[in-house]
Protein chains: 2
Amino acid sequence: MFNQFRNKFPFTDEKWNEYINCFNRIEVPAKTVLLEEGEISKKLFIIEKGCIRVWFNNNGKDLTSQFFFENQSVASIESFMKQFPSPVVVETIEPSVLWWISKKDVDKILEEIKEIPELRDRLINMLFQRTFDYMKHFFSFIKDSPTQRYLDLIKEKPQIVQRVPQHYIASYLGVSTVHLSRIKSKLVNKKD
Amino acid sequence: MFNQFRNKFPFTDEKWNEYINCFNRIEVPAKTVLLEEGEISKKLFIIEKGCIRVWFNNNGKDLTSQFFFENQSVASIESFMKQFPSPVVVETIEPSVLWWISKKDVDKILEEIKEIPELRDRLINMLFQRTFDYMKHFFSFIKDSPTQRYLDLIKEKPQIVQRVPQHYIASYLGVSTVHLSRIKSKLVNKKD
DNA sequence: CTTATTTGATAACAAATGTTATCGTCTACC
DNA sequence: GGTAGACGATAACATTTGTTATCAAATAAG
């Protein structure tokens, strides 16, 4: 699982192994809640196999804000970083194989590597990039119609359209499942 | 104009005056465009008197993303910081008295004060805060109805409701002017 | 293999929102 | 003081989207 990243980090083999050993492998079924709303996040997950969604409760309906797939790391960033109660739920969609690392170990590693400016910059960049992605998603709610958002999703994140059940996609696009069905059927008819 | 901030900065009088002298006072009528869409931002503005909106063109209709009032600083942050073409237009709403400072002078000052960690942190915090505000605004588009957004606006930013023409508020809330009128009239009737 | 659950499509109706047009008021400017 | 333009309210109608209900297909669990 981790060997593929080995050459990206300037650590001694000893350090590398020490860090790898902080991770714990688990297998969970579909629809496993990894972090409840209101809970304080203590674990960061990396996906070996499977798929996770992050959502929050909005007047009884769930609104999906992000999807994650293989090799991505997942947490309620605000809750994990600042140890606030999480505003979101983290939940598997498919049966998944995950590796988790505790907040304590992450802090320890971050402390140890903070002298390596190359890594620090990469980390800050990662956080920024995620923030930008988030912004872009929100932005599209204001700018684009649901139909346009769906077309963009097909183009830019085909994995989501292919692997995720449609009602989660509807909740990600901010429309009802019925309306997403309508959108799809209109698109098909337009092509004819 | 600047004396009110004097005690917030740990500079010698000499440095303070040098920095103050980087600012240029201008008076402009209402609806003056301070930064065009696509232009690279070279000036940061501080408002002594008046009111500014930042908006972008979305399929021919303008969509206001932010309002600024007295004592706030205004720029297309992305364009000013990274010298990209601006995605937004910066435009006065009322006749305004502004102070501007050039990108060059800002860079010079930032370079000089980067050794003062207190100031650096305050600056980073400011940027973060603005990003959070932005996020919060976007978020409300997904979570809340236009009516709810309008009620929140009255509560949290009464200045906007009081000073800004209604069609700009409609464009800020993401609804047509007609619909904002409807929302207002429904609210009035409900109170009776 | 059988059954329960999940998923997705569709219809019928309701509610929200946009569009266009008209009118009245207010304000800036000559 | 008169006039053009900006601003806001309202009506009538169109379009988009949500809601509820029903059915069919796919999938998972026993």
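Each chain gets a letter, A, B and so on, in the order its sequence line appears, and its residues count up from 1.
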Q. Does one side chain, of A:Glu112 or A:Tyr19, offer a donor that lies under 3.5 Å from an acceptor on the other?
A.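 Note: A:Glu112 and A:Tyr19 side chains meet the donor-acceptor criterion.
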Q. Can you find a heavy atom in the side chain of B:Pro87 that is under 4.5 Å from one in the side chain of B:Phe56?
A. no
When you measure from the side-chain N and O atoms of [X] to the phosphate of [N], is any distance below 4.0 Å, counting only OP1 and OP2?
| X | N | value |
| --- | --- | --- |
| A:Gln166 | C:dA9 | yes |
| A:Lys31 | D:dA28 | no |
| A:Lys184 | C:dA9 | yes |

Any idea which of [options] is nearest the [X] side chain?
| X | options | value |
| --- | --- | --- |
| B:Ser185 | D:dT10, D:dT17, C:dG8 | D:dT10 |
| A:Ser181 | D:dC7, C:dA9, C:dT7 | C:dA9 |
| A:His179 | D:dG18, C:dT19, D:dA9 | D:dG18 |

For [X] and [N], give me the distance from atom [atom1] to atom [atom2], rounded to whole Å.
| X | N | atom1 | atom2 | answer |
| --- | --- | --- | --- | --- |
| B:Arg163 | D:dC7 | CZ | P | 15 Å |
| B:Lys186 | D:dG8 | NZ | C1' | 18 Å |
| B:Lys61 | C:dT17 | NZ | P | 16 Å |
| B:Gln148 | C:dA16 | CD | C1' | 16 Å |
| B:Ile183 | C:dA15 | CD1 | P | 17 Å |
| A:His167 | C:dT5 | NE2 | P | 15 Å |
| A:Tyr168 | C:dG8 | OH | C1' | 14 Å |
| B:Arg182 | C:dT20 | CZ | P | 14 Å |

(Q) Could you check whether A:Trp16 and A:Phe2 have their ring centres less than 6.0 Å apart? (A)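 No.
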Q: Would you check, one step at a time, whether the test salt bridge (charged side-chain N to carboxylate O under 4.0 Å, His left out) holds for B:Asp13 with B:Arg6?
A: CA-CA 9 Å; B:Asp13 282 347; B:Arg6 178 66 188 93; 2.8 Å; yes
Q: Mark yes when over 12 heavy atoms from residues, nucleotides or ligands other than A:Lys143 sit less than 6.0 Å from its NZ; otherwise mark no.
A: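 For A:Lys143, atom NZ is not crowded (no more than 12 foreign heavy atoms under 6.0 Å).
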Q.
Using a 4.0 Å heavy-atom cut-off, does B:Val178 contact any base of the nucleic acid, only the sugar-phosphate backbone, or nothing at all?
A.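 B:Val178: base contact, heavy atoms under 4.0 Å.
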